[in-house]
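Beneath this line is the structure, given in structure tokens, with notes to follow.
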Amino acid sequence: MPTFYLTTPIYYVNARPHLGHAYTTIAADAMVRYRRLAGDDVRFLTGTDEHGDNIARAATAAGVSPQAYADEISATFREMWKSLGISNDDFIRTTEARHKKIVREVLQKLWDAGEIYLGTYGGHYCFGCERFYTEKEIVDGKCPDHQRPLEWIEEQNYFFKMSKYQDWLIGYIKDRPDLIQPGRYRNEILGFLRDPLQDLSISRPRTRLEWGIPLPFDDKYVTYVWFDALINYVSALGDLDSERTRRYWPHVRHMIGKDIVKPHAIYWPCMLKAAGLDVFRELRVTGYWTIEGQKMSKSLGNVVEPPAYTSKYGNDAFRYFLLREMVFGLDADFSDAAFRTRFNADLANDLGNLVSRVTTLIVNLAGGKVPAPDAVARPDDVSGLKAASERAAAETDRAMADFAFHRALAAIWEFIGAVNRYVDTTQPWALAKQPERRAELDTVLYALGESLRVLGVLLVPFVPEAATRIREGLGQPGAPRLSEVVWGRLAPGTPVAKIAGLFPRIEEKKEGPAASATTAPEPSHVSIADFRKVDLRVAEVIAAEPVPKSKKLLKLTVSLGAEQRTIVAGIAEHYAPADLVGKKVVVVANLEPAKLMGVESKGMLLAGSAGPVLGVLSPDRELPPGAKVS
Ligand SMILES: [Zn+2]
């Protein structure tokens, strides 16, 4: 069984989780879900990076301790991933004891091996900020915050002998074209390595910074934040010689944003080499999201937080958009209009309609059970659909090996398009009107059911909630497996339930983009006087039976206390007649009588519904039949 260990960056706790964090985490989640589907031994890690002077300063500004500050922000990340359905196996915090222990172990190991020495560190320092500024951060020789000149100060610090690994690192990267991807980041790093590599300062004096992990060999210093943070990928597995570390570490792959390539591609391999640990298998670098063409920033007020979309459209829709829209490794643009276009075109029209069409056809034309295909009827177009499913599966596999989520989705949507065209060309509803073509109809319905079953597996990494609903509707219990994507596995006789409302279309409203984000038009107001015209009553169901020749309707005999009457209700797909007898329900008593399938209905039963779920309204206390509801 192949082993696959994937990490996201650990997110710095100086900001709440936004679109950028969510994208990397969702992409990693899609990848591990795919590897699990393929049967790999998978481990998936995310977490938070919590030390350093930025956090110490932010905590001071907020008037809380650095630990309290880190606790609060770290919790928002953990909660966000939970609400987005992220399937991480572990969540590491760099303030946890298990992490600090391994950091100190690694430092001690390097110290004992002579890989670390005490030297002099010089830099541009602002006494107002109490921190060093890098050349890049300095504006006109001044502190960007205080607008006053920086001072060059020198202090004693510990250094890791990184320079001695320069030639080794260049050779290691050159020998492995796939180590850093996309290739332009590999080229950038090789370019950077043409200049002499400096030793890395790995400590800060505690007189300046308390908020870090003390060095095990000199507790007047704390560990530099990068040296601390990178080790999370190992420390989360346990002790360096633990069974879990031996099992997963040789297979580790890191997914990161492009702002942190240098520490991951230069410091980290040198640290691992010095500590006698395997270098990661690959470093996958993602691009940035712009928002409506602009950089996402607090000052522009355009920071996108996932709940703005997931609360209205669901996790799947948000995941789908991010994975489909960004070519992994390049920058992409997020806009409300693009989101809605993809939602309506790809999810509502293509996928949602297909799932609803096919399950409805099987329920209505085959009694809700997958019919047996006929080997002779329509062999050509069935084999075309089978081939399309195989192409989708093969291309998804190739794309996922490249972390090309957009290509995997394009391939799956090709297949969805082929199935939609198959419904249009075969016209099962027309075949159903010709009894002599029953074998053809059964063959078509089988092929459609089988196509949905395949989609219920292939879609798992990308829209996991929808994939589950598809498999449930098709009576496919248990954990899905990629090995089940073999045409013909769907057993005839499998019960099928209608799946409606998978991705309800986003209706455009006229007020403009900000106000147009609801999925259904708002009902207009009714006056109390109008509402009072509706006579709502508690009723008791005395008898219930199916209406002949109707799949949806039940004929109910209800008592309103003083009188009994007949009400026809469209709930046969959700309730067995026996479940209803004796039940107290709510009815509209003064509805105009109407004839439904030849039965006169005097009143209407109230029920709520959401997607495939329908529930009849019932008072939650004992009320006599005929009691008024208002
Ligand atoms: Zn300053």
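Below, each value reflects all heavy atoms present in this structure, side chains not excepted, and no hydrogens, waters or symmetry copies. Order of listing sets the numbers, starting from 1, for every ligand and every atom in it.
- Less than 2.8 Å away from the Zn ion (ligand 1), the protein contributes these N/O/S atoms: Cys126 SG, Cys129 SG, Cys143 SG, His146 ND1.
- Side-chain contact check for Trp289 versus Tyr23: some heavy-atom pair is nearer than 4.5 Å.
- Across His51 and Asp228, no two heavy atoms sit closer than the pair ND1-OD2, 2.6 Å.
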Listing, residues 259-277 side-chain donor-acceptor contacts under 3.5 Å, not counting sequence neighbours, or none:
unit_1, atom_1, unit_2, atom_2, d
His264, ND1, Ile260, O, 2.9
His264, NE2, Tyr233, OH, 2.7
Trp268, NE1, His254, NE2, 3.0

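- A donor-acceptor contact closer than 3.5 angstrom is absent between the side chains of Tyr224 and Asn157.
- Counting only heavy atoms from C-beta outward, the side chains of Lys174 and Leu190 approach each other to under 4.5 Å.
- If you look at His21 and Phe77, their ring centroids are closer than 6.0 Å.
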